[in-house]
Amino acid sequence: MTTRHCFILYVLVIVACLLCGCEDRITSDPESHLSFSVDTLRFDTVFTERGSATKIVKAYNRSKEAVVIDNISFSDNDNFRFNINGENDKDNLHDILLRGGDSIFIFVKATIDPHDTAKPVLVEDSVIFFVNSNRDVLHVEAVSQDVIILRGDTIEDIVQLGNDKPYLVFDTVWFMNNVQINAGTRFYMHDNSVIVFRRGLIVKGERDNPVVFRGDRFDDILRDIPYDYASGKWGGIFLIPDLNSDSKNPPYNINCLDVHSATFGLFCQSDKTSDLPQIYLSNSRLHNFSLYGLVLQNMNAEVSNCEISNCADYCVYLSGGRHTFVHNTIANFFNYKKENVSIHSVGREDVAAVYISDLSKTQVRTEAVFKNNIISGWRRNNITLATALPNRYDGVFLGNLLRNDTLDIARFSDNCYEQDTDTVFTRIWFSREEHTYYDFRLDSVSPARDIADSLTAVSYPLDRDGNSRLKDGKPDAGCYEWQPTE
């Protein structure tokens, strides 16, 4: 056979193979099955009347041969909406050819009617694929939650907010009169939503049942990174007293509050220059903000047993008023990376963890008392004191662990200073690979252990987790007393 004949034969074989490949060989094997990218498609909490984000699943034909999907069936209830390969009408979902090694997309959205109950409800459904007399089932489930919706409301009455159903908040909601929030109450805040309290606020959270303000997304912004970890997903909480009221200063007494992943944490501002409003904040956590954590302007405050952590700007900003901080952990490791992954939409500003401003000529003096706190962060100096004569500033710093080496005022006493090589906390980073998150409880070798002022600690015998500070007579600085691992 000549070279020319060999070449022609080679071309004919190629063409024959291509022509044969144009027709799919369809198997009728009763053992043929489809497989799915997940066995059960799960939605986290879905708010009734609002619906979820759309999730995608793929159905695969792992065989080398084509199969015919005789029929695709799903229920007619309104809990889930299915779109399969661009089609949502069940009457058109039959006799579908699925080539060997190919797949089809299944789009699912949860839209669940209210159940008239305060408790979450598990809702289930399934999509059934019939192939060669086989039933291949994709299970779908969601946890649905009835909510009370607040959408740009102005509430004039004295109100008590209970924990029977959570609140879903849109836009800016104004509370113009006294508000009490009971333990366990949860607020789910939509993008850019804000709550403003113009009169008194009493938060009666409990250690095991705090009052929680967080974003309303339960899905992942990226794989293994929940939206709840990302800062700036809603606006914040504002305490702005109504100066037009004839009554005395409103009470602000806040216990066991958890606010996280907003633009601001707690922004407290008054325009008064005398008889300032008083805020008591205890056993609370303000964490992960794209601007400030706690702002106090022309307000007197007592802050104890709180974690205030991870802000792109200052964790604590003080300007005007007398502020007493006892046994708090103020830690700023915002966007500190162990891996090349960020959970924030903004970068970290080069600012201190605590800013004390005493320069204003229109506000009252800023007096700061810090006892038995930790003030730390990835910046070398984490206290900024803006005053004309820092060394004469009438502030008190006693029994603290400070990451700071430039501030020196007359009333610094018995403080310890964090070194670059010190390990203070359990974890100062988020790791997607390790599935771990920040943890500002003390490491076993933390220099914050046993350094707090004992006399001060007597008035605060329990830490934020309810552990005793007084059992060994050597209390730790910060809001968490070190606990041995079991």
Side-chain angles (χ1 to χ4, degrees), residues 154-156 158 174-181 194-203 236-255 257 264-282 284 286 291-306 308 313-326 328 330 352 354-371 373 383-398 407 409-412 456 459:
T154 299
I155 300 169
E156 302 281 356
I158 297 174
W174 296 78
F175 287 95
M176 307 303 291
N177 217 316
N178 293 331
V179 177
Q180 176 176 305
I181 306 177
V194 167
I195 289 186
V196 183
F197 296 96
R198 297 304 310 273
R199 293 294 301 152
L201 174 63
I202 307 297
V203 176
I237 301 173
F238 290 79
L239 275 58
I240 306 177
D242 180 7
L243 299 183
N244 295 321
S245 173
D246 293 331
S247 60
K248 295 181 179 180
N249 284 327
Y252 293 111
N253 198 330
I254 300 171
N255 185 53
L257 173 69
F264 292 94
L266 200 56
F267 192 105
C268 311
Q269 182 182 39
S270 165
D271 292 330
K272 300 184 76 171
T273 55
S274 62
D275 189 25
L276 301 185
Q278 174 77 48
I279 178 172
Y280 298 93
L281 177 65
S282 58
S284 297
L286 308 178
L291 285 176
Y292 302 94
L294 174 64
V295 175
L296 297 168
Q297 293 185 323
N298 282 351
M299 303 273 282
N300 294 331
E302 292 186 20
V303 182
S304 61
N305 263 344
C306 292
I308 307 172
D313 218 308
Y314 306 107
C315 287
V316 174
Y317 180 96
L318 308 177
S319 180
R322 180 174 176 79
H323 313 292
T324 301
F325 285 75
V326 184
N328 301 285
I330 304 170
V354 174
Y355 183 90
I356 305 169
S357 175
D358 193 35
L359 293 173
S360 175
K361 296 181 179 179
T362 60
Q363 296 180 341
V364 298
R365 286 208 61 195
T366 305
E367 301 178 56
V369 175
F370 284 81
K371 295 182 178 181
N373 302 279
I383 303 173
T384 295
L385 176 59
T387 184
L389 299 170
N391 60 338
R392 296 186 182 180
Y393 179 71
D394 191 25
V396 176
F397 285 76
L398 169 66
L407 186 62
I409 63 177
R411 298 183 69 179
F412 265 49
T456 300
S459 299

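The residues of the chain are indexed from 1 along the displayed sequence.
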Query raised in the report: Under the 3.5 angstrom rule, does the side chain of Asn178 hit a backbone N or O of Gly200 as a donor-acceptor pair?
Result: yes
Query raised in the report: Looking at side-chain heavy atoms only, is the closest gap between Arg322 and Val369 below 4.5 Å?
Result: yes
Query raised in the report: Would a distance-only check, ignoring hydrogens and angles, find a side-chain to backbone donor-acceptor pair under 3.5 Å from Asn298 to Asp271?
Result: no
**Report entry** Interatomic spacing from NZ in Lys371 to OG1 in Thr324 - rounded to 0.5 Å
**Finding:** 8.0 Å
Query - Among Trp174, Phe175, Phe267, Tyr252, the one residue meeting ring-ring contact (aromatic ring centres under 6.0 Å, His included) with Phe197 - result: Phe175
Query raised in the report: Is the backbone N or O of Cys315 less than 3.5 Å from a side-chain atom of Tyr355, with the two atoms forming a donor-acceptor pair by type?
Result: no
Query raised in the report: How about Leu266 and Leu239: do any of their side-chain heavy atoms sit closer than 4.5 Å?
Result: yes
Query raised in the report: In Å and rounded to the nearest 0.5 Å, what is the CD to CZ distance from Gln269 to Phe238?
Result: 9.0 Å
Query - Beyond-backbone contact of Asn373 with Val316, side-chain heavy atoms, under 4.5 angstrom - result: no
Report summary line: The reported gap from OG1 in Thr387 to CZ in Arg365 (rounded to nearest 0.5 angstrom) is 6.5 Å
Report task. Carefully, step by step, assess Val303 and His323 under the rule side-chain contact (heavy atoms from CB on, under 4.5 Å). Result -> CA-CA 8 Å; Val303 182; His323 313 292; over 6 Å; no
Query - Asn177 side-chain N/O to Arg199 backbone N/O, donor-acceptor pair under 3.5 Å - result: no
Query raised in the report: Can you tell me if Thr366 uses its side chain to pair, donor with acceptor, with the backbone of Ser357 under 3.5 Å?
Result: yes
Query raised in the report: Is there a side-chain contact between Val179 and Ile155 (heavy atoms, below 4.5 Å)?
Result: no
Requested in this report: Using a 4.5 Å cut-off on heavy atoms from C-beta on, say whether the side chain of Phe370 contacts that of Ile356.
Outcome: yes
**Report entry** Shortest non-hydrogen contact between Ala386 and Leu359, atoms and distance
**Finding:** O-CG, 3.3 Å
Query raised in the report: Taking side chain as C-beta onward, heavy atoms only, is Asp358 less than 4.5 Å from Leu318?
Result: no
Requested in this report: Anything under 30° is parallel, anything over 60° is perpendicular, the rest tilted; go ahead and classify Tyr292 against Tyr317.
Outcome: perpendicular
Query raised in the report: Would you say Met299 and Pro241 make side-chain contact, with heavy atoms under 4.5 Å?
Result: yes
Report summary line: Tightest non-hydrogen contact, residues Val364 and Ser274, listed as CG1-N, 4.5 Å
**Report entry** Phe397 vs Ile383, side-chain contact (heavy atoms from CB on, under 4.5 Å): CA-CA, chis, key distance, verdict
**Finding:** CA-CA 11 Å; Phe397 285 76; Ile383 303 173; 3.9 Å; yes
Query raised in the report: Do side-chain atoms of Asn328 reach the backbone of Ile308 as a donor and acceptor pair under 3.5 angstrom?
Result: no
Query raised in the report: Can you tell me how far CZ of Phe264 sits from CG of Asp313, rounded to the nearest 0.5 angstrom?
Result: 8.5 Å
Query raised in the report: Under the side-chain contact (heavy atoms from CB on, under 4.5 Å) criterion, do Ile181 and Leu201 qualify, and how do the steps go?
Result: CA-CA 8 Å; Ile181 306 177; Leu201 174 63; 3.9 Å; yes
Report task. Taking Arg198 for its side chain and Ile240 for its backbone only, find out whether a donor-acceptor pair lies under 3.5 Å. Result -> yes
Requested in this report: Find the distance between OG (Ser284) and CD1 (Ile254) and round it off to the nearest 0.5 Å.
Outcome: 7.0 Å
Query raised in the report: Hey, does the side chain of Asn300 reach the backbone of Pro277 with a donor-acceptor pair shorter than 3.5 angstrom?
Result: no
Query raised in the report: Got Glu156 and Thr154 here, is their nearest side-chain heavy-atom distance under 4.5 Å?
Result: yes
